[in-house]
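See structure below.
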Amino acid sequence: MRFLKGHGTENDFVILPDADGGLELTPGIVARLCDRRAGIGADGVLRVVRTKTAGDPAAEALAGDAEWFLDYWNADGGIAEMCGNGVRVFARYLVDAGLAAPGEWNLATRAGLRRVTVGVSGDVSADMGPPVHQGAGEAAVDGRPYAGERVSMGNPHLACRIDEPVATLDLTRAPDFDPEAFPEGVNVEFFRPVGDNHLEMRVYERGSGETRSCGTGTVAVAAAAALGSAAPVDGKLPQGEWIVDVLGGRLTVTFDGQTSYLKGPAVLVAEGEIRQDWLTAT
């Protein structure tokens, strides 16, 4: 099995080329690939497959609008709807491999279409869709509660503003949250303003633990910071540009009043072959 390794602000992925849809992933295989000691190590797996051969209902529904489908799996083997950094790394791989031309085009995801803008080299931008505010929520770390905003980016987020530096938090364990509000789990972000339209953030991702970055989470915290606790008025979304510093680097979020855009680096690091005897070992 051929693989590549890539990352977006150190949110890292195992990339599995599977243009014709012949690869059968299982939660166990994904978890082994993402194991940082016994496997390759990653926050998740990106299977690169054409929408018409993906074998996924979400892909089939979008086959007429996008050639490629982002089949994203979390490190624990669970399937996820979307991944903002993953979309950008996925797009970089397609251009680097000659499977797509530099420019602007759609990718299919389980959360719908995402339009990307990618050059021969450099940063990749992705239309992340409009953030959907879903009301107040709360997370707790070491028994201390933090008020937050529930934001959907096609996947669930709880963005909590804090006053102290984000480095002070202990995120070695998952924050507590209301399972009735998030029956499928949630990505929990903690953010602090450090300047005008400038935030710092840490994130605990469902199925992966604390990661160095989270693309959808970056947009979620920018949306929460832009609107505060106020719901969008008459459905209008925020406008403006936000800089978000994550553990793995810096991302830019832009709101135009209709949708959101995420821009930042997408890096391919290595490629190779996964040994078949390791892959099939129990």
Side-chain angles (χ1 to χ4, degrees), residues 1-25 29-30 33-34 39-56 58-59 62-63 65-75 79-128 154 205 208 211-216 218 248-249 251 261-274 279:
M1 181 191 296
R2 182 166 170 260
F3 78 95
L4 294 90
K5 182 73 182 287
H7 75 91
T9 50
E10 299 180 10
N11 191 190
D12 60 337
F13 310 98
V14 173
I15 305 162
L16 300 178
D18 185 32
D20 297 325
L23 182 62
E24 293 187 13
L25 287 182
I29 289 175
V30 168
L33 289 172
C34 292
I40 297 170
D43 293 324
V45 166
L46 311 175
R47 182 173 71 115
V48 182
V49 62
R50 288 188 171 87
T51 53
K52 63 183 180 182
T53 59
D56 188 289
L62 299 171
D65 301 302
E67 180 179 3
W68 295 97
F69 175 67
L70 173 72
D71 183 14
Y72 180 63
W73 299 62
N74 284 321
I79 293 175
E81 303 90 344
M82 239 292 288
C83 177
N85 287 321
V87 163
R88 298 185 307 97
V89 172
F90 190 100
R92 170 56 63 212
Y93 165 73
L94 289 176
V95 170
D96 188 79
L99 297 172
E104 187 175 331
W105 23 267
N106 289 335
L107 289 176
T109 78
R110 292 186 179 89
L113 293 176
R114 294 295 183 266
R115 194 158 186 83
V116 296
T117 303
V118 52
V120 175
S121 61
D123 288 356
V124 176
S125 177
D127 182 342
M128 301 294 286
E205 291 196 58
S208 297
T211 56
R212 302 281 295 174
S213 178
C214 175
T216 52
T218 300
L251 292 160
Y261 299 90
L262 177 70
K263 184 178 181 180
V267 181
L268 301 178
V269 177
E271 59 184 305
E273 292 287 332
I274 299 166
L279 189 64

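Keep in mind that the numbers below use all heavy atoms, side chains included, and drop hydrogens, waters and symmetry copies.
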Val45 to Cys34 - nearest heavy-atom pair and separation: CG2-SG, 3.8 Å
Over all atoms of both residues, closest heavy-atom pair of Leu99 and Trp68: O-NE1, 3.6 Å
Which heavy atom in Pro102 sits nearest to a heavy atom in Val95, and how many Å separate them? CG-CG1, 4.0 Å
Residues in side chain to side chain contact (heavy atoms under 4.5 Å, CB included) contact with Arg115, at least two apart in sequence or another chain: Glu104, Asn106, Asp127
Closest non-hydrogen atom pair, Ala63 against Thr51: CA-OG1, 3.4 Å
Knowing that exactly one of Thr218, Leu251, Thr211 qualifies, which makes a side chain to side chain contact (heavy atoms under 4.5 Å, CB included) with Thr9? Leu251
Kindly determine whether Leu94 and Trp105 satisfy side-chain contact (heavy atoms from CB on, under 4.5 Å), including the steps that lead there. CA-CA 11 Å; Leu94 289 176; Trp105 23 267; 4.0 Å; yes
Checking the side chain of Thr53 only, and the main-chain atoms of Ala19 only, is there a donor and an acceptor separated by less than 3.5 Å? yes
Please confirm whether the backbone N or O of Gly22 pairs with a side-chain atom of Asp20, one donor and one acceptor, at under 3.5 Å? no
If we ignore hydrogens and angles and just use 3.5 Å, is the side chain of Lys5 paired with the main-chain N or O of Ala42 as donor and acceptor? no
Determine whether the side chains of Asn85 and Ser213 contain a donor N or O and an acceptor N or O closer than 3.5 Å. yes
Got a second to check how far Trp73's CH2 is from Ile79's CD1, nearest 0.5 Å? 4.0 Å
Nearest 0.5 Å, please: how far is CZ in Arg110 from CZ in Phe69? 4.0 Å
Got a sec, which residues hit side chain to side chain contact (heavy atoms under 4.5 Å, CB included) with Ala126, two or more places apart in sequence or on another chain? Val87, Arg88, Val116, Met128
Tell me if a side-chain donor or acceptor on Ser208 pairs with a main-chain N or O of Asp43 at a distance below 3.5 Å. yes
Please list, chain by chain and in numerical order, all residues satisfying side chain to side chain contact (heavy atoms under 4.5 Å, CB included) with Glu10, sequence neighbours excluded. His7, Arg212
Give, for atom CG of Leu4 and atom CZ of Arg92, the distance between the pair rounded to the nearest 0.5 Å. 13.0 Å
Is there side-chain contact between Val49 and Leu23, with at least one heavy-atom pair below 4.5 Å? no
Phe13 to Gly86 - nearest heavy-atom pair and separation: CZ-N, 3.5 Å
Per the side chain to side chain contact (heavy atoms under 4.5 Å, CB included) rule, which among Thr109, Val118, Ile15, Val48 passes with Phe90? Val48
Closest non-hydrogen contact found for Val124 with Ala266 is CG2-CB, 4.0 Å
Would you say Arg114 and Leu70 make side-chain contact, with heavy atoms under 4.5 Å? no
What do the steps show when you test Glu81 against Thr216 for side-chain contact (heavy atoms from CB on, under 4.5 Å), and what is the final call? CA-CA 11 Å; Glu81 303 90 344; Thr216 52; over 6 Å; no
Less than 4.0 Å between a side-chain N and a carboxylate O, is that true for Arg47 and Asp18? yes
